Amino acid sequence: MPRKFSKNRTNSFRKRVYEVVRKIPQGEVATYKEVAKLAGSPRAYRAVGNILNKNPNLEMISCHRVIKSDGRVGGYKYGKNKKTSLLKKEGITIKQGRVIF
DNA sequence: TCATTGGCTATCA
DNA sequence: CTGATAGCCAATG
């Protein structure tokens, strides 16, 4: 069976990302860049997306609170529409697909 | 173990 | 806005 070898780090970048994302309170949003930075790699924004995309606990992590640095909602595994809807429900103001801080 | 690909991005032309 | 490129982690082969 496919087995990936971990990168002997103190904490997997993945775990860090999960923790950071989980810390995001409702009604607030963070950018992938910020999350990546807090996770320990300011340039791993893409990795964050990849991780969250295949994340094993999508329902456990509020990955929908993570948006692009431009203010755009970005993508979502369940569909950007779902993501936007969730954000709106949490009190985030979205105008024409853009998040207003 | 290494090589290649992919992705909820970022940045620049 | 579109396209290309960059730099990163994880999954797949």
Side-chain angles (χ1 to χ4, degrees):
Chain A
M1 52 284 281
R3 183 83 278 223
K4 77 172 164 81
F5 33 101
S6 347
K7 304 223 162 166
N8 256 6
R9 296 208 176 187
T10 317
N11 269 320
S12 284
F13 183 74
R14 200 171 65 179
K15 205 166 184 182
R16 286 277 175 173
V17 172
Y18 292 150
E19 284 192 47
V20 173
V21 174
R22 194 186 293 175
K23 280 181 188 172
I24 304 174
Q26 295 187 359
E28 299 289 322
V29 289
T31 64
Y32 287 97
K33 202 174 188 179
E34 287 292 285
V35 174
K37 187 179 179 182
L38 293 174
S41 297
R43 293 180 177 175
Y45 26 74
R46 273 178 84 181
V48 175
N50 192 10
I51 292 166
L52 294 177
N53 178 13
K54 298 165 179 161
N55 91 45
N57 43 18
L58 183 59
E59 312 210 328
M60 185 166 134
I61 308 291
S62 17
C63 36
H64 58 270
R65 288 181 205 150
V66 188
I67 60 174
K68 286 191 165 194
S69 61
D70 288 78
R72 297 259 178 191
V73 179
Y76 194 48
K77 197 177 176 192
Y78 287 109
K80 48 191 180 166
N81 187 289
K82 186 83 176 177
K83 184 170 180 179
T84 304
S85 189
L86 284 170
L87 290 174
K88 277 187 180 179
K89 264 188 184 178
E90 297 195 354
I92 307 293
T93 307
I94 300 177
K95 291 250 177 184
Q96 298 177 352
R98 276 202 229 161
V99 178
I100 313 296
F101 294 92

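Scope of the values below: all heavy atoms of this structure, side chains included, with no hydrogens, waters or symmetry mates. This one's a predicted model, so the numbers in the text were calculated from it and none came from an experiment.
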Interatomic distance, A:Tyr18 OH vs C:dC9 C1' [rounded to whole Å]: 11 Å

Categorize A:Ala47 for me: base, sugar-phosphate, or nothing, with a 4.0 angstrom heavy-atom threshold over every strand shown. base

For A:Lys68, which contact category applies under a 4.0 Å heavy-atom criterion: base, sugar-phosphate, or nothing? sugar-phosphate

Approximate separation, where rounding is to 0.5 Å, of A:Ile94 CD1 and A:Leu87 CG: 4.5 Å

In whole angstroms, how far is the C1' atom of B:dT9 from the NZ atom of A:Lys83? 11 Å

Dump every N/O contact between nucleotides 1-4 of chain C and the protein below 3.5 Å, one line per pair.
residue	atom	partner	partner atom	Å
C:dC1	OP2	A:Arg72	NH2	3.3

Are A:Ile67 and A:Ile24 connected in a single hydrophobic cluster, I mean Ile/Leu/Val/Met/Phe/Trp/Tyr linked by side-chain heavy atoms less than 4.5 Å apart? no

Side chain of A:Ser69, heavy atoms from C-beta onward: which of B:dA10, B:dG7, C:dA11 has the nearest atom to it? B:dA10

Roughly how many Å is it from CG in A:Leu52 to P in C:dA10, rounded to a whole number? 12 Å

Could you check whether any side-chain heavy atom of A:Thr31 comes within less than 4.5 Å of a side-chain heavy atom of A:Tyr45, counting everything from C-beta outward? no

Has A:Ser85 got a side-chain atom pairing as donor or acceptor with A:Asn81's backbone, closer than 3.5 angstrom? no

Where the side chain of A:Tyr45 is defined as all heavy atoms beyond and including C-beta, which of C:dA11, B:dA10, C:dC9 is the nearest nucleotide? B:dA10

Going by an N to O cut-off under 4.0 Å, is there a salt bridge joining A:Glu90 and A:Arg65? yes

Under 4.0 Å between a side-chain N/O of A:Ser41 and OP1 or OP2 of C:dC9, yes or no? yes

As a test of reading the structure: which of C:dA11, C:dC9, B:dG7 is closest to the side chain of A:Asn53, going by heavy atoms? B:dG7

Can you confirm whether A:Phe13 sits close enough to A:Val48 that some side-chain heavy atom of one is under 4.5 Å from a side-chain heavy atom of the other? yes

With a cut-off of less than 4.0 Å, is there a side-chain N or O of A:Arg43 near OP1 or OP2 of C:dT5? no

Any donor and acceptor pair, going by atom type alone, linking the side chain of A:Lys83 with main-chain N or O of A:Val66 inside 3.5 Å? yes

Could you tell me how far apart A:Arg14 (CZ) and C:dA11 (C1') are, to the nearest whole angstrom? 10 Å

